[in-house]
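Presented below is the structure to which this report refers.
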Amino acid sequence: MFEFYPEVNLSRESLLKRIKGQMSEKRFKHILGVEKAAIALAEKYGVSVHKASLAALLHDYAKETEDQVFLELIDKYNLDTDLKNWGNNIWHGRVGIYKIQEDLELKDPEILHAIEVHTVGSPNMSSLAKVLYVADYIEEGRDFPGVIEARAIADCSLNMAVAFETMRLIDYLAELRVKIYPQSIETYNAFIKYLK
Ligand code: GDP
Ligand code: FE
Ligand code: FE
């Protein structure tokens, strides 16, 4: 385990305290599960284990941030105004990175990119972003139909795991009759070839 994270100039202990202060006990457990899964995937697929650890620990940092804060950040950083038509599910990654930068002075572009796209993916995801996207889905605390299959696929191919997760996510969202964020569909279109 890493004792110090120079990207945020904090010891692990202080960083975990900061993160814990932002969220429920349950969500904190989730981020530790994501970290464990992300480290395993990073080792397997030749990605920086340190960056995987930090990206995982911070990925849901803004998940319990109030809507009003996100709306202000969208204005402050001149982000796509269409974001205002969405909600916390889309904001906590895409807009959450601005809160993380403000609160923790994190500047590492690779880690910020991975956190930015962790919910909806992107056709141009880095390997680190893929590791986080998949780890979030398969971490040990997840329990939903298909998670065992997703874990098995993640053991074979990172791209196939991204494809499988995105396919299942879009299927699930359609079943729920909720809007699908266009970037989720772009991710699907870019990765579905790996499932053929
Ligand atoms: P979590 O933060 O660990 O719960 O996981 P995620 O960040 O991956 O997803 C957060 C929530 O956003 C989940 O409930 C997803 O089902 C939902 N979500 C992901 N993509 C979309 C989308 O395109 N549209 C909508 N409406 N919800 C989405
Ligand atoms: Fe999330
Ligand atoms: Fe998460």
Over 60° means perpendicular and under 30° means parallel, so classify the ring planes of F144 and Y137, tilted if in between. tilted

Is there a side-chain contact between V47 and L41 (heavy atoms, below 4.5 Å)? no

Candidate pair V134 and F164, rule side chain to side chain contact (heavy atoms under 4.5 Å, CB included), full reasoning: CA-CA 10 Å; V134 172; F164 181 79; over 6 Å; no

Do the side chains of V131 and K51 get nearer than 4.5 Å, heavy atoms only? no

Less than 4.5 Å apart, any side-chain heavy atom of Y133 and any of V162? yes

Interatomic distance, CD@E116 vs CD@Q183, rounded to 0.5 Å, equals 7.5 Å

Where A174 and I180 come nearest, the two heavy atoms and their spacing: N-CD1, 4.5 Å

Name the residue from R142, K29, H118, H59 that meets the side chain to side chain contact (heavy atoms under 4.5 Å, CB included) definition with V34. H59

I need the N85 CG to D80 CG distance, nearest 0.5 Å. 9.0 Å

If you count the non-hydrogen atoms of other residues, nucleotides and ligands that lie under 6.0 Å from CD1 in I148, is the total more than 12? no

If you define the side chain from C-beta out and look only at heavy atoms, does anything of N9 sit under 4.5 Å from E105? no

Please confirm whether the ring centroid of F70 lies under 6.0 Å from the ring centroid of H92. no

Residues Y98 and L73: closest non-hydrogen pair is CB-CD2, 4.3 Å

Which value, rounded to the nearest 0.5 Å, describes the distance between S53 atom OG and K36 atom NZ? 13.5 Å

What are the two closest non-hydrogen atoms of F4 and L10, and how far apart are they? CD1-O, 3.3 Å

Can a donor-acceptor pair be found, under 3.5 Å and without considering hydrogens, that links the side chain of E66 to the backbone of Q68? no

Can you tell me how far CG of N159 sits from OG of S127, rounded to the nearest 0.5 angstrom? 8.0 Å

L58 and side chain to side chain contact (heavy atoms under 4.5 Å, CB included): which partner among I31, I115, L112, L132? I115

Please tell me if the side chains of V8 and R18 come closer than 4.5 Å, counting only heavy atoms from C-beta onward. no

Decide yes or no for L169 and Y188: does some side-chain heavy atom of the first lie under 4.5 Å from some side-chain heavy atom of the second? no

Check this for me: Y5, atom OH, are more than 12 non-hydrogen atoms of other residues, nucleotides or ligands nearer than 6.0 Å? yes

So do the side chains of T119 and R94 get within less than 4.5 Å of each other, counting heavy atoms only? no

Which heavy-atom pair separates A42 from A52 by the least distance, and what is that distance? CB-CB, 3.7 Å

Main chain of I97, side chain of Q101: is a donor-acceptor contact present, judged purely on distance under 3.5 Å? yes

Between K130 and Y45, is the side chain to side chain contact (heavy atoms under 4.5 Å, CB included) condition met? List the steps. CA-CA 10 Å; K130 290 175 191 172; Y45 294 108; over 6 Å; no

Any side-chain heavy-atom pair from V120 and T187 closer than 4.5 angstrom? no

Just by distance, do the side chain of K84 and the backbone of L71 share a donor-acceptor pair under 3.5 Å? no

At what distance, to the nearest 0.5 angstrom, does CZ of R151 lie from CD of E139? 8.0 Å

Begin with the C-alpha distance, continue with both residues' side-chain angles, and end with the deciding distance and a verdict on side chain to side chain contact (heavy atoms under 4.5 Å, CB included) for K63 and H30. CA-CA 12 Å; K63 188 80 189 255; H30 162 68; over 6 Å; no

What are the two closest non-hydrogen atoms of L83 and W91, and how far apart are they? O-NE1, 2.7 Å

Please determine whether side chain to side chain contact (heavy atoms under 4.5 Å, CB included) holds for the pair W86 and K179, giving the CA-CA distance in whole Å, both sets of side-chain angles, and the decisive distance to 0.1 Å. CA-CA 9 Å; W86 298 84; K179 287 195 298 179; 3.7 Å; yes

Closest non-hydrogen contact found for A129 with M125 is CB-CG, 3.8 Å

Return the CD to CD1 distance between E102 and I100, rounded to the nearest 0.5 Å. 11.0 Å

For Y172, does the OH atom sit with more than 12 other heavy atoms under 6.0 Å from it, leaving out its own atoms? no

Would R12 and E35 pass as an ion pair if we require N to O under 4.0 Å? yes

